[in-house]
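See structure below.
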Amino acid sequence: MDIAKELFKSALNARSNAYAPYSRYKVGAAIYAENAKIYASCNVENLSFPCGTCAEAGAIAAMVADNGGKIQKILIVADAKELVYPCGACLQRIAEFATPETLIYLADTKEIKKTYTLQELLPHNFTAKELSND
Ligand code: THU
């Protein structure tokens, strides 16, 4: 199975259900998790703008709710002239469940355009060992 292709299909399908009446900017995200399952979601906006959620956040929530473990790979798709990179908040969300080697694929609606590691997109994320519970 070509995981990247499967992620692309799942993210594109989730994107088709994106609820983005305010920005009109539809985003899809799909995660290949540690448990070898795929979790996809889309952005869900709200009339109270800050209440809206990014596609990545939805996919991460679905993975966590299913006890999927860590993120092995994540793909983000949007229809844009310029490639869509995950926002800063979503990079931090990804970092919570990833390793520096976790792959991040960026796609337009036709194909995957770029592949990065998390380390490349977020070389210095917020870490505070003293906040952890262990
Ligand atoms: N958006 C995402 O879903 N993921 C990102 O990484 C960046 C932005 C969404 C949020 C909002 O619904 C729309 O794109 C425009 O900002």
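Just follow the structure's listing: the first ligand is 1, and inside any ligand the first atom is 1.
When only interatomic distances are considered, the shortest N/O to N/O separation between N43 and ligand 1 falls below 3.5 Å. At under 3.5 Å, a nitrogen or oxygen of C87, whether backbone or side chain, sits near a nitrogen or oxygen of ligand 1.
Ranking protein heavy atoms by distance to atom 3 (O) of ligand 1, first place goes to A55 N, 2.9 Å. Atom 12 (O) of ligand 1 has E45 OE2, 2.5 Å as its closest protein atom, hydrogens excluded (heavy atom only). Nearest protein heavy-atom contact of atom 8 (C) of ligand 1 is C54 SG, 4.0 Å. For atom 4 (N) of ligand 1, the closest heavy atom belonging to the protein is E56 OE1, 2.8 Å.
One side chain, E45 or S23, offers a donor N or O that lies under 3.5 Å from an acceptor on the other. Residues D66 and Y39 bring a donor and an acceptor atom of their side chains to less than 3.5 Å of each other.
F49 has its ring centre less than 6.0 Å from the ring centre of Y22.
P86 counts as a contact of ligand 1, since one of its heavy atoms falls under 4.0 Å from the ligand.
There is no protein heavy atom closer than 4.0 angstrom to atom 16 (O) of ligand 1.
Remark: of the listed residues T117, L122, L118, T117 is the sole one forming a side-chain contact (heavy atoms from CB on, under 4.5 Å) with E120. Just one of K73, M63, E6 meets the side-chain contact (heavy atoms from CB on, under 4.5 Å) condition when paired with I38; it is E6.
Residue-ligand proximity, S23 to ligand 1, at heavy-atom distances under 4.0 Å covers atoms 13 (C), 15 (C).
Listed here is the closest heavy atom pair of L103 and T115: CD2-CG2, 4.1 Å.
A donor-acceptor pair is defined here as one N or O able to donate and one able to accept, closer than 3.5 Å; no such pair exists between the side chain of Q92 and the backbone of A89.
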